[in-house]
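Data first, discussion second: the structure below is written as structure tokens.
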Amino acid sequence: MNKPVAVHPLLVAKGLRKAFTKRGSAPIDVLQGIDITVQPGDRIAIVGKSGAGKSTLLHVLGTLEKPTEGTVHFLGQDVFTYDEENLSKFRNQQVGFVFQFHYLMLEFTALENVMMPALIANHSKSQAKEKANHLLSRVGLSHRTDHKPSQLSGGEQQRVAIARSLMMSPKLLLTDEMTGNLDPITGAQVFELVQTIVSEFKQALISVTHDEAMAKTYDKVFRLTDGILKKS
Ligand SMILES: Nc1ncnc2c1ncn2[C@@H]1O[C@H](COP(=O)(O)OP(=O)(O)OP(=O)(O)O)[C@@H](O)[C@H]1O
Ligand SMILES: [Mg+2]
């Protein structure tokens with residue numbers, strides 16, 4: 001008889017706590033026991049006041065920072081038990097990040113920036129180039145592939161960052177104030193674009209945003225207050 005196959009949620013975070021300690025001052029308890037389950041294709045918005053810990057939570061969920069306590073399971077695997085090498089691999093292949101500031105590499109062109117995650121993963125250069133060109137066309141930048149970040153507008157830079165975040169077809173996309181630096185019209189276009197691509201590829205999306213109207217368009221909205229995450 002075949003054994004039943006265990007079906008895991010995409011991500012399960014349990015009891016996440018994060019304290020920042022600075023010598024000579026009391027620790028700041030930013031996250032104080034957070035549980036969240038994310039299923040494939042979920043679209044989740046996280047809102048909360050400035051300083052509430054939204055970015056910190058996103059960084060812990062994406063394994064950019066270790067929690068002080070608690071666990072993150074991704075498809076059943078306890079990711080913080082991975083060594084540094086496997087953790088980097090995990091981040092490279094399973095999670096896409098789009099930050100408020102794009103963090104593009106200034107000395108490289110748009111195309112090279114988008115190709116980078118695939119080159120890090122040792123994919124062939126020709127395949128990486130093909131996919132990066134495709135993604136840049138999806139974000140409307142086919143005419144800007146050879147431009148360096150300093151030769152691009154803010155919205156264009158953010159669209160390059162979005163293309164880069166999708167390069168490895170991650171199952172989870174994390175965005176932090178993705179449109180915060182853009183004018184309302186460009187912001188709305190970038191937002192629409194991400195929604196379209198994410199639903200097309202059935203990726204889960206967790207977005208930190210100050211924009212309550214934007215948050216309302218997500219399937220679930222959580223509010224982070226006093227270190228605790230509650231459904232809004
Ligand atoms: N590396 C760090 N060391 C010490 N304190 C930190 C560190 N990172 C964040 N903090 C503190 O943790 C708290 C939460 O910061 P975080 O950046 O997560 O807030 P946020 O909700 O994203 O705010 P914003 O909406 O302004 O971006 C803040 O009080 C901040 O000062
Ligand atoms: Mg923040």
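Note that ligands are numbered from 1 as they come in the structure, with each ligand's atoms numbered from 1 the same way.
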With heavy-atom distances below 4.0 Å as the criterion, list the atoms of ligand 1 near [X].
| X | answer |
| --- | --- |
| Gly53 | 14 (C), 16 (P), 18 (O), 19 (O), 20 (P), 21 (O) |
| Val30 | 12 (O), 13 (C), 14 (C) |
| Lys49 | 21 (O) |

Between [X] (side chain) and [Y] (backbone), is there a donor-acceptor pair under 3.5 Å?
| X | Y | value |
| --- | --- | --- |
| Lys171 | Ala204 | no |
| Thr179 | Leu182 | no |
| Thr68 | Ala19 | yes |

For [atom], what is the nearest protein heavy atom, given as residue, atom name and distance?
| atom | answer |
| --- | --- |
| atom 26 (O) of ligand 1 | Ser50 OG, 2.6 Å |
| atom 31 (O) of ligand 1 | Ile28 CD1, 4.9 Å |
| atom 14 (C) of ligand 1 | Gly51 O, 3.3 Å |
| atom 1 (N) of ligand 1 | Phe20 CE2, 3.6 Å |
| atom 25 (O) of ligand 1 | Lys54 NZ, 2.7 Å |
| atom 15 (O) of ligand 1 | Thr56 OG1, 3.8 Å |

Polar contacts were defined as any N/O atom of the residue lying under 3.5 Å from an N/O atom of the ligand; does this apply to Glu177 and ligand 1?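 The answer is no, given that Glu177 and ligand 1 share no N or O pair closer than 3.5 Å.
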Distance in Å, Ser124 OG paired with Lys131 NZ, rounded so as to fall on 0.5 Å steps: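 NZ of Lys131 is found 12.0 Å from OG of Ser124.
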Say you draw a straight line from CD of Glu69 to CG of Leu31; how long is it, rounded to the nearest 0.5 Å?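 Answer rounded to 0.5 Å: 11.5 Å.
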Whether Phe90 and Tyr82 hold their rings parallel, tilted or perpendicular, with breakpoints at 30° and 60°: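 Judged by the thresholds at 30° and 60°, the geometry between Phe90 and Tyr82 is perpendicular.
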Over 60° means perpendicular and under 30° means parallel, so classify the ring planes of Phe97 and Phe99, tilted if in between.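 Parallel.
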Does ligand 1 have an atom that lies less than 4.0 angstrom from a heavy atom of His210?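 Heavy atoms of His210 do come under 4.0 Å of ligand 1.
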State whether Arg223 and Glu212 are salt-bridged, where the test is any N-O pair (Lys NZ or Arg NE/NH1/NH2 against Asp/Glu carboxylate O) under 4.0 Å.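 Salt bridge flag = yes for Glu212 with Arg223.
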Minimum distance, heavy atoms only, to atom 27 (O) of ligand 1: which one of Gly48, Ala52, Ser55, Ala19 is it?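 Looking at heavy atoms only, the winner is Ser55.
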Determine whether [X] and [Y] make a side-chain contact, defined as any pair of heavy atoms from C-beta on separated by less than 4.5 Å.
| X | Y | value |
| --- | --- | --- |
| Thr71 | Phe80 | no |
| Leu172 | Gln94 | no |
| Leu111 | Lys129 | yes |

Does a donor on one side chain sit under 3.5 Å from an acceptor on the other, for Arg43 and Gln195?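 Gln195 and Arg43 do have a side-chain donor-acceptor pair below 3.5 Å.
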Below 2.8 Å, which protein N, O or S atoms neighbour the Mg ion (ligand 2), ignoring water?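 Near the Mg ion (ligand 2), below 2.8 Å, one finds Ser55 OG.
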